[in-house]
Amino acid sequence: MISERVHHALVIRTALPAEAEVIADLHVRARSTYYPDGVPQADVDWAEAWRGSIERPNAHVLCAVERGRIVGIASFRTPDGAPADTVKLFQFHVDPGHWRAGIGTALHAACVEEWRADGKRTAVLDVHVDNRRAQAFYARQGWLPDPENPPAEGDHHRFLRYCVPREGTRE
């Protein structure tokens with residue numbers, strides 16, 4: 001498991017339960033950028049949900065920390081009923097004030113490193129159809145439309161798939 005990875009002035013490490021409120025705040029701010037009518041599930045206690053993810057024994061929550069402040073988060077685990085070599089990226093957010101600074105790329109590389117170490121071969125995610133910025137980011141990282149989950153009429157999400165490169169190959 002990644003306990004800490006340094007990328008220039010950026011540290012990527014495992015999130016702590018005490019950081020759940022800060023992470024929840026970043027999560028809501030990032031999501032609000034692509035939901036023009038307000039973030040769905042606004043009544044959810046996101047701090048408690050993040051605390052649960054951080055404490056979940058079969059999940060990983062990584063955070064990118066710059067100058068002592070959390071500026072990016074990623075949450076992933078093998079979804080219930082999925083093959084053991086599959087991982088789902090449930091949440092991936094960079095603080096909107098830090099977009100285009102390489103934080104997402106570094107955080108994604110740390111996720112891939114963890115997936116590889118955990119023996120994962122395939123990663124999946126879903127991204128909101130209106131989140132064009134995130135879709136472009138994922139495409140640059142090598143994510144492709146998931147052929148096993150084509151969008152249905154009226155879907156609000158696109159489903160993407162990523163082949164985790166083997167050790168020693170290009171990410």
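For the single chain, residues carry numbers from 1 onward in sequence order.
A distance-only check finds no donor-acceptor pair linking the side chain of Glu66 to the backbone of Gly72 [under 3.5 Å].
Between Phe76 and Phe92, the distance separating the two ring centers is not shorter than 6.0 angstrom.
Remark: Leu125 CG to Leu160 CG distance equals 4.5 Å, nearest 0.5 Å. One finds the CG atom of Asp118 at 11.0 Å from the SG atom of Cys111 (value rounded to the nearest 0.5 Å). To the nearest 0.5 Å, atom CD1 of residue Ile70 and atom NE2 of residue His27 are 14.0 Å apart. Taking SG of Cys63 as the reference point, atom CD1 of Ile12 lies at 9.0 Å (rounded to 0.5 Å). Separation of atoms CD (Gln135) and CZ (Arg140) is listed at 12.0 Å; rounding is to 0.5 Å. In this structure, CG in Leu10 is found 9.5 Å from NE2 in His98, a value given to the nearest 0.5 Å.
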Could you walk me through whether Arg121 and Arg166 pass the side-chain contact (heavy atoms from CB on, under 4.5 Å) test, one step at a time? CA-CA 8 Å; Arg121 300 296 306 133; Arg166 295 185 190 275; 3.6 Å; yes
Begin from the C-alpha positions of Trp46 and Arg51 and carry the test side-chain contact (heavy atoms from CB on, under 4.5 Å) through to its verdict. CA-CA 8 Å; Trp46 287 109; Arg51 191 172 295 102; over 6 Å; no
Evaluate side-chain contact (heavy atoms from CB on, under 4.5 Å) for Tyr162 paired with Val87, printing each intermediate quantity in order. CA-CA 10 Å; Tyr162 178 82; Val87 64; over 6 Å; no
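Every side chain to side chain contact (heavy atoms under 4.5 Å, CB included) that Val61 has, sequence neighbours left out, goes to Ala15, Trp50, Ser53, Ile54, Ser75. A search for salt bridge (Lys or Arg N to Asp or Glu O under 4.0 Å) contacts involving Lys88 returns Asp126, not counting sequence neighbours. Residues that satisfy the salt bridge (Lys or Arg N to Asp or Glu O under 4.0 Å) test with Arg161, not counting sequence neighbours, are Asp146, Glu148. In this structure Thr78 satisfies the side-chain hydrogen bond (donor to acceptor under 3.5 Å, both in side chains) test together with Lys120, sequence neighbours excluded. For the side chain to side chain contact (heavy atoms under 4.5 Å, CB included) test, residues two or more places apart in sequence or in another chain that qualify with Arg29 are Asp25, Leu26, Arg69, Asp95, Pro96. Partners of Trp143 by side-chain hydrogen bond (donor to acceptor under 3.5 Å, both in side chains), not counting sequence neighbours, listed by chain and number: His108. By the salt bridge (Lys or Arg N to Asp or Glu O under 4.0 Å) test, Glu21 pairs with no residue at all, sequence neighbours left out. Remark: Leu16 engages Arg13, Glu19 in a side chain to side chain contact (heavy atoms under 4.5 Å, CB included) (not counting sequence neighbours). Every residue meeting the side chain to side chain contact (heavy atoms under 4.5 Å, CB included) condition with Arg56, not counting sequence neighbours, appears here in chain and number order: Asn58, Ala59, Arg77, Asp80. With sequence neighbours excluded, no residue forms a side-chain hydrogen bond (donor to acceptor under 3.5 Å, both in side chains) with Glu55.
For the 3.5 Å distance criterion, the side chains of His156 and Asp130 fail to qualify, holding no donor opposite an acceptor.
In terms of hydrophobic clustering, with Ile, Leu, Val, Met, Phe, Trp and Tyr side chains grouped at heavy-atom distances under 4.5 Å, Val124 and Val164 are assigned to different clusters.
Between Ala20 and Ala47, the shortest heavy-atom distance links the atoms CB-O, 3.3 Å. Among all heavy-atom pairs drawn from Trp99 and Val94, the shortest one is NE1-O, 3.0 Å. The nearest pair of heavy atoms linking Ile103 to Ala64 is CG2-CB, 3.9 Å.
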